[in-house]
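Hydrogens, waters and symmetry mates are skipped; everything else that's a heavy atom, side chains included, is used. By convention in this document, chain letters (A, B, ...) are assigned in the order of the sequence lines, proteins followed by strands, and residues within each chain are numbered from 1. As the structure is a computational prediction, the values presented were derived from the model and not from experiment.
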Protein chains: 2
Amino acid sequence: MSGNRDIEALIEMMARLPGLGPRSARRAVLQLVRKRELLLMPLADLLQQVAATVRECERCGNISSDPLCDICTSPKRLGHELCVVEDVADLWAMERGAAFKGRYHVLGGTLSALDSIGPEDLRIPALVQRVEDEGVTEVILALNATVDGQTTAHYIADELEGRVRLTSLAQGVPIGGELDYLDDGTISAALRARKEL
Amino acid sequence: MSGNRDIEALIEMMARLPGLGPRSARRAVLQLVRKRELLLMPLADLLQQVAATVRECERCGNISSDPLCDICTSPKRLGHELCVVEDVADLWAMERGAAFKGRYHVLGGTLSALDSIGPEDLRIPALVQRVEDEGVTEVILALNATVDGQTTAHYIADELEGRVRLTSLAQGVPIGGELDYLDDGTISAALRARKEL
């Protein structure tokens, strides 16, 4: 279409990013080429740098430039609270909330009989090890409220039972949520977990 | 949020691409980091290459790796038909149609009194020169059907009057278009330009 092989290859690759299709990838590439100094060259340099340096944190599975991530090495984070999440996107979501002061453990997925993903495919043995080694007193299971997420939470709870305080995120009405638009399951859960005023 | 400076910078830069906001940029970056070998590294290399080689075609303004673009140098394209478009996106749109066998001239914008863009800010003098030098017999004005686009078309028509055959794209009902969803202007234009069956 553009008559240029590199540009076509770039459009095709950008179209594989989530949120971009062939048409928006074309617009994005055109924008990049138009803003060569401001956008294209810095983005190319940054991607090279990230490709060269970014890896998984050896301890928690977060994204990091060093063997251990900033959260694992920060002296401000509480070592005795450990929040278990499915993947790095969930860790970022928790960090945006800025309410949790402990450290994380990224599982890298959920148990799934259909996809034959067992505990040893996730970082569950490493989690048990960390609980023993790091003097963890509370494990917060912040897994998604899906069937696979809850199955995984139950499995982890069984593994850690008796060794540590186990909690999970509260379920209920989201802040700003309207009852009329909520599903029945959420309303039932919020009712069961109702609080005294 | 991610606790990593490079990743944050990358998310911020990706969010400046059209079609991506902060949230989808975060998802895209996470996807890139997860698929390091398959996506991140090839994309970084490709961007470096495009940044190093891609420029404007000296003759028509298309995107190219060489001083002249593939369309300008192709012996299969008719030299006597010249299609004038606003920008490279429009050239690509015309090429997707695959109906035009001539060459292009990219103006790089439209005349605009508000933004004080005059003929010398666009490639209009170069267009007049090309019409004289290249034995052009027909200039097709494929400018957008906006006020600025049509003003620019009128200006170019005045400049080239008497030297060459001047045409513009037909206006009417789009293929697959339903009358009920068309604006009044398009229906009036299609009626005025009605054809004998």
Chain B contact via A:Ala52 - side chain, backbone, both or neither, heavy atoms under 4.5 Å: backbone
Same cluster (ILVMFWY, side-chain, under 4.5 Å), B:Val33 and B:Leu10: yes
Under 4.5 Å from a heavy atom of chain B, the part of A:Val54 involved: both
Joint hydrophobic cluster, A:Met94 plus A:Leu166, side-chain heavy atoms closer than 4.5 Å: no
CG (A:Asp184) with more than 12 external heavy atoms under 6.0 Å: no
Within one Ile-Leu-Val-Met-Phe-Trp-Tyr cluster: B:Leu78 and B:Tyr104, side-chain cutoff 4.5 Å: no
CD (A:Gln171) with more than 12 external heavy atoms under 6.0 Å: no
Chain B contact residues among residues 146-159 of chain A, heavy-atom distance under 4.5 Å: none
Single-linkage hydrophobic cluster, 4.5 Å side-chain cutoff, B:Phe100 and B:Leu127 together: no
Considering all heavy atoms, the nearest B:Arg16-A:Gln31 contact: O-NE2, 4.3 Å
Pairs of heavy atoms under 4.5 Å with chain A: top-ranked of B:Thr53, B:Leu39, B:Val88, B:Val29: B:Leu39
Joint cluster assignment, B:Val85 & B:Val131, ILVMFWY side-chain distance < 4.5 Å: no
Reported CG-to-OG distance for the pair A:Leu17 and B:Ser24, which is rounded to 0.5 angstrom: 10.0 Å
Gap separating the CD1 atom of A:Ile7 from the CH2 atom of B:Trp92, nearest 0.5 angstrom: 5.5 Å
Residue among B:Ala25, B:Gly19, B:Ser65 with most heavy-atom pairs under 4.5 Å to chain A: B:Ser65
Sorted by number, residues from residues 40-50 of chain B in contact with chain A (heavy atoms, under 4.5 Å): B:Leu40, B:Met41, B:Pro42, B:Leu43, B:Ala44, B:Asp45, B:Leu46, B:Leu47, B:Gln48, B:Gln49, B:Val50
Heavy atoms from other residues, nucleotides or ligands near CD of A:Glu134 exceed 12 (cutoff 6.0 Å): yes
Closest heavy-atom pair and its distance - B:Leu30, A:Ala89: CD2-CB, 3.2 Å
Most contacts with chain A, counted as non-hydrogen pairs under 4.5 angstrom, among B:Arg27, B:Glu56, B:Arg36: B:Arg36
